[in-house]
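Before any comments, here is the structure.
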Amino acid sequence: MDTAHSHRRLTQLLSRGALTRFIIVRLAATGLLLLVLSFVVFALLHLTPGDPARNLVGVRNVTPELLQSIRDKYHLNDPFMNQYLHWLGNVLHGDFGESIRNNTTVTTLLADRVMLTLQLSSLSFALTVIVAVPLGIAAAWRTGSALDRSMSAASIVGVGAPTYAVGLLLLYVFGLWFNIFPVYGSGDGGFDRWWHLVLPAITLASGLAAMVFKLTRTAVVAELNQDYVAFAQSRGLTRRQIRSLVLRNAMIPVATSLGLVFAFLFGGTILVEVTFALQGIGSLLAGSVTFKDLPVVQAITLLTATVIALTALAVDILYYAVDPRVRKRGMQ
Amino acid sequence: MKLRTNRKPVVPIVTGIPLAIIAIFVIASRWIVPNATRQDIMTGVTSPGTAGHLFGTDQLGRDIGQLAIAGASSAVVGPIVIALGSMMIGILLGTFAGYMGGWLDLLLSKYADLLLALPTTLVALVVTGLVDGGYWVTVLVLIMLFSPTDIRMVRGSVIAQTSRPYIESAKVLGLGRLRIMFRHILPNVLPVAFSTMLLNVAFALVSMSALSFLGLGVGPGVPDWGRQLSDSRNLLDRNWGSLVLPAMLIIITAAAINLLGDWLQERYEESSVPR
Amino acid sequence: MNRGLSLNNLVVTGPAGLIVTRMDLHVEPGQTVALVGESGSGKSMTAKAMTGLLPRGVTATGSLQLDDITVDLALGPQALAGLRGQYISLLLQNPFTSLSPVHRCGEQITAALPPDLRRSKEEIRRRLDEVDLPERVARQYPFELSGGMRQRVALAASLASNPQILIGDEPTTALDVTTQREMLDLLERIQRERDMALLLITHDLGVARERADKILVMYAGRLVESGEGADVFAHAQHPYTAGLRDSDPPLEHRLVELPAIAGSVPRPWEVAVGCVFAPRCDRADDRCRNEAPELVGTTSQVACWKPIALTDASHPIQIATDVQAQNTDNDLVVIRGLSKRFSSSAPLALDNVDISIHSGEAVGIVGESGSGKTTLARCLIGLESFDSGDISWSINTPMAQRAQIVFQDPTSALNPAMTIGATLAEALRAGQRSKAEVVALLQLVGLPSEYINRRPNGLSGGEQQRVAIARAIAPRPKLLICDEPVSSLDVSVQAQILNLMNSLLKDLGIALLFITHDLAVVRQVVSRVYVMSNGRVVESGNMENVLQSPQHEYTRQLFSSVAGK
């Protein structure tokens with residue numbers, strides 16, 4: 001009894017150590033990816049046509065003094081690597097410089113807007129998962145049924161349908177025609193804010209839900225065709241038991257792809273925020289790009305990359321937790 | 001054991017009709033609607049059904065229907081070029097990377113990792129916006145953004161073929177690498193590549209019109225569905241046609257291409273299952 | 001009262017037509033019945049119909065009788081749901097896919113028990129003990145176990161609800177020879193202890209002969225013959241049963257030629273009228289071709305218009321004298337001290353292997369999976385690198401003309417995008433031979449010249465393997481390597497290919513390296529043999545000598561595992 005107990009403790013400790021090692025390795029890889037990306041993002045300043053200093057002046061009057069002060073401030077006369085290291089040092093302290101368009105720091109500008117994008121993203125992500133995953137499971141369970149056929153057809157349209165077109169149609173039907181939802185703007189905080197976000201969130205979720213539906217359905221169908229399902233049936237397991245067997249297996253690829261969906265989410269928020277005139281990070285990016293407000297563009301790009309990289313990391317760890325096969329490989 | 005009976009080809013018919021109509025618009029719009037971009041400020045915005053304008057007019061008095069027919073080519077031609085271009089890159093680099101491995105493979109997979117670390121829409125927006133290019137620059141940028149996934153797809157299929165006995169037999173016969181890659185492996189990868197390319201056309205169509213919706217990609221006077229949608233935001237209360245027509249055209253075209261691509265892929269997967 | 005199981009008038013229909021036609025069978029408690037047939041015979045579909053697990057689009061009619069319960073199979077799979085587990089249970093072929101990869105073994109074994117017993121340690125221990133597994137297995141995941149252990153877990157799971165009849169659908173086919181025997185012994189012991197009926201579905205005549213009380217032979221969806229135990233083969237009445245028996249290579253002696261059945265197994269729905277076997281039967285007459293025979297008889301039954309009587313003269317079997325190994329003065333290739341490791345943590349795949357092959361000689365390598373036999377072949381042909389040792393050839397031609405290889409799986413052996421003619425022409429060019437030889441090459445492997453324009457998809461497995469052999473001999477190599485060339489083929493087709501290889505060796509005078517797990521098969525082809533285990537050559541010598549007086553413990557174990565021979 002004693003030896004069995006200590007044996008189990010040992011394996012627990014071992015696997016905990018393996019998890020730590022796994023996380024450290026993945027963190028290092030994420031850090032490296034972000035470092036390379038930060039370099040590319042910084043290089044945007046020099047890749048943009050025109051003199052970087054002039055680009056940073058924006059629409060202000062160009063005077064030699066102003067250009068000189070900009071050059072000094074951004075170390076534009078230093079060698080390229082030094083400029084980058086200066087910039088990176090500032091970025092790590094949360095300083096992305098000043099917006100060209102608005103005379104504030106990029107950080108304050110982002111702070112004002114980040115909440116709305118977060119609310120919009122989480123609302124549509126929640127909507128997607130709540131609607132698409134159960135529907136995908138149900139459709140896979142009855143392949144060929146009316147539910148499956150109609151949902152599969154809808155998902156093909158949904159995957160292909162552009163977010164802004166769907167958004168405008170919804171806006172027209174529910175906002176202008178039936179006059180149920182507010183048409184434009186971000187609302188005045190609290191419940192009003194959420195009420196304003198309903199249509200945009202549905203818009204964003206429609207494309208994502210189509211994708212998640214497809215992924216879930218494919219994953220569950222693949223599992224249902226496995227031998228272990230036939231074997232479970234043949235030895236008399238109940239429908240409920242078989243379902244839990246299948247879902248536990250199918251949820252592994254589904255959970256992984258939800259991470260991927262998250263990456264798509266931000267691409268979509270740009271269009272939805274512009275469509276519904278919401279004051280979030282996405283519409284800020286669209287505006288800043290057309291205005292060539294580089295510090296803002298750099299900040300948003302890097303921020304997005306960080307969020308996506310961290311999500312990918314979280315998914316990997318989740319993967320590790322739910323799939324014993326990955327655990328084993330991680331240990332070796 | 002083959003358990004499927006032959007079904008009627010519903011999908012090619014259902015998708016073929018709208019795609020054929022769009023194709024006619026693309027090829028012949030200059031003859032069908034020669035005056036699509038003619039402005040008529042006097043008329044201004046009218047609602048659908050007004051005096052010979054089935055879908056009404058926009059604030060410049062242009063007929064929405066004619067504009068949409070003329071806009072088909074900018075909506076479709078760029079995406080086709082994008083899908084073709086990125087698949088050509090995908091086949092060339094993916095085949096080499098998959099068969100030869102080594103540093104090229106490593107480099108390409110890192111490149112793909114980097115690009116996939118950000119949403120395509122965001123990168124496309126930032127690059128085309130900052131570069132200030134026109135339509136074809138946007139096409140070029142999207143080719144670069146689409147190619148990593150194509151490279152990955154081709155690379156994966158090539159690797160799957162490489163371990164098969166018939167490729168090993170070809171190696172044992174002492175055949176050259178190029179011959180094995182392009183005579184033996186490639187013909188077996190092409191069917192998947194083709195259906196992926198179709199799906200890419202749909203995705204590129206949505207991406208291109210998204211960029212023009214944001215005011216990038218197409219010049220101001222050029223008829224384009226994304227641009228029409230963007231303009232329609234200011235006309236919603238006066239002409240619903242300006243929204244509904246281009247929106248439906250984009251949705252239907254994208255869905256038809258997606259459906260056809262999905263169907264081809266499924267058919268290919270079924271036929272490649274060993275008996 | 002337990003009276004076993006009866007299946008009456010089973011008909012299984014798929015979208016293309018009939019898959020199983022009018023099938024009856026009966027299994028008594030404690031009895032083992034073997035259902036024997038080649039691929040496409042409908043034996044697996046019979047098992048699936050009995051457990052209500054038919055694939056989408058396939059339906060069954062007929063009835064199943066268990067104790068006092070009669071189930072009408074036409075009512076669909078739900079009608080059988082209540083019987084599964086407690087009355088009837090199924091053990092599948094592949095232990096790698098029949099268990100859920102992310103659930104622990106203990107959980108899977110007890111899932112079918114009443115809820116209060118599922119967590120009982122005592123119960124799990126008892127169940128594991130029954131299949132000779134240690135208690136720790138309960139906490140392990142399937143991927144942490146060997147194939148044999150996984151199949152024991154699956155067996156324990158299928159027995160959880162104490163079924164009266166267990167159907168084993170090729171339950172040992174995916175296992176190694178030695179593990180196979182252990183598994184069959186275990187099944188037999190459990191069956192005896194539980195007085196359970198066992199329906200064994202197998203393509204392996206040896207297994208059926210050795211283990212079954214009653215054997216049923218199926219062909220193209222029909223039951224063609226049934227009878228008591230080994231008698232069915234010893235006194236085969238149906239020409240197909242006799243053909244199957246004769247084409248199964250014997251271990252005791254080498255035959256001049258294996259009596260093969262010409263052609264290949266038809267799809268059940270392609271047979272319109274007459275006896276299903278008539279097109280391949282040399283006894284067939286007009287009635288056989290026009291009228292389907294019924295199954296007749298009492299203890300032994302046969303469906304044949306012209307059954308073979310006991311008094312009929314059987315085909316004279318010519319036993320060949322084993323070719324004596326030649327002396328070592330004309331070595332074609334000598335392998336010395338070959339070692340290979342795939343990764344630093346893995347054991348040696350090849351451990352100091354010495355092998356030599358003389359010109360024109362047929363050499364066998366026998367071993368189970370993981371023995372290193374395939375790795376050795378791949379090193380020899382240059383598809384794999386090795387860490388140390390050397391391979392020295394006595395000839396100085398380009399590699400393509402030294403050695404060629406034929407692989408196991410015929411379906412992926414040929415490029416699906418190329419015609420047979422193009423494939424062969426390319427191989428000829430690689431050996432600097434003329435494209436004009438394509439037709440001669442096809443003839444050499446027994447295929448008609450029209451096949452030049454066909455693509456691999458339209459060919460049967462046996463035909464595909466013939467083309468693969470033709471491609472390999474096209475550059476006229478001095479050595480032909482065959483890696484399990486007949487393991488994916490049906491017994492009747494296997495005999496054709498083995499005969500073809502023997503005649504090619506004689507006509508072309510090339511050397512052969514034949515790699516296989518199957519002792520009886522290698523016996524029919526080679527004169528000298530190496531036995532491999534865990535990357536090492538444990539025994540080598542004259543085929544006959546090794547068979548008669550195996551020196552190494554592993555060789556003896558391997559020989560004693562061969563079923564029914």
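- A search for ring pair (Phe, Tyr, Trp, His ring centres under 6.0 Å) contacts involving A/Tyr164 returns B/Phe213, not counting sequence neighbours.
- Heavy atoms closer than 4.5 Å to chain B are found in both the backbone and the side chain of A/Ala305.
- More than 12 heavy atoms of other residues, nucleotides or ligands lie within 6.0 Å of OH in B/Tyr111, so this atom counts as buried by the packing criterion.
- The line from OG1 of A/Thr143 to CG of A/Asp148 is 6.0 Å long, rounded to the nearest 0.5 Å.
- The CG atom of B/Leu214 sits 10.0 Å away from atom CZ of B/Arg227, with the distance rounded to the nearest 0.5 Å.
- In this structure, chain B has heavy atoms under 4.5 Å from both the backbone and the side chain of A/Thr301.
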Would B/Leu259 and B/Val11 count as a side chain to side chain contact (heavy atoms under 4.5 Å, CB included) if you check the C-alpha gap in whole Å, the side-chain angles of each, and the deciding distance to 0.1 Å?
CA-CA 7 Å; B/Leu259 200 62; B/Val11 173; 4.2 Å; yes
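- Looking at A/Val157, the atoms closer than 4.5 Å to chain B (heavy atoms on both sides) sit in the backbone and in the side chain alike.
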Could you walk me through whether B/Arg155 and B/Leu108 pass the side chain to side chain contact (heavy atoms under 4.5 Å, CB included) test, one step at a time?
CA-CA 10 Å; B/Arg155 176 182 174 274; B/Leu108 285 172; over 6 Å; no
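- Between A/Leu116 and A/Gln279 there is no side-chain heavy-atom pair separated by less than 4.5 Å.
- Annotation: residues 72-83 of chain B contacts chain A through no residue [non-hydrogen atoms, separation under 4.5 Å].
- Residue with the most contacts toward chain B among A/Pro162, A/Gly287, A/Gly282, A/Ala165: A/Pro162 (heavy-atom pairs, distance under 4.5 Å).
- Of the charged side-chain nitrogens involved, at least one lies within less than 4.0 Å of a carboxylate oxygen, so that A/Lys214 and B/Asp262 count as a salt-bridged pair.
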Using the rule given for side chain to side chain contact (heavy atoms under 4.5 Å, CB included), can you reason through B/Val139 versus B/Trp136, listing the C-alpha separation, both sets of side-chain angles and the distance that settles it, and then say yes or no?
CA-CA 5 Å; B/Val139 168; B/Trp136 293 106; 3.8 Å; yes
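- For A/Trp87, the ring pair (Phe, Tyr, Trp, His ring centres under 6.0 Å) partners two or more places apart in sequence, or in a different chain, are A/Phe42.
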For a side chain to side chain contact (heavy atoms under 4.5 Å, CB included) check, start with the C-alpha distance between A/Leu285 and A/Val296, then their side-chain angles and the critical distance, and finish with the verdict.
CA-CA 7 Å; A/Leu285 178 70; A/Val296 179; over 6 Å; no
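- Among the candidates A/Leu271, A/Val297, A/Val307, the residue making the largest number of heavy-atom pairs closer than 4.5 Å to chain B is A/Leu271.
- Within the 4.5 angstrom heavy-atom criterion, no atom of B/Ala202 approaches chain A.
- Of all residues in residues 26-39 of chain A, those placing a non-hydrogen atom less than 4.5 angstrom from a non-hydrogen atom of chain B are A/Leu33, A/Val36, A/Leu37.
- Side-chain N/O atoms of B/Asp224 and B/Ser212 include a donor and acceptor closer than 3.5 Å.
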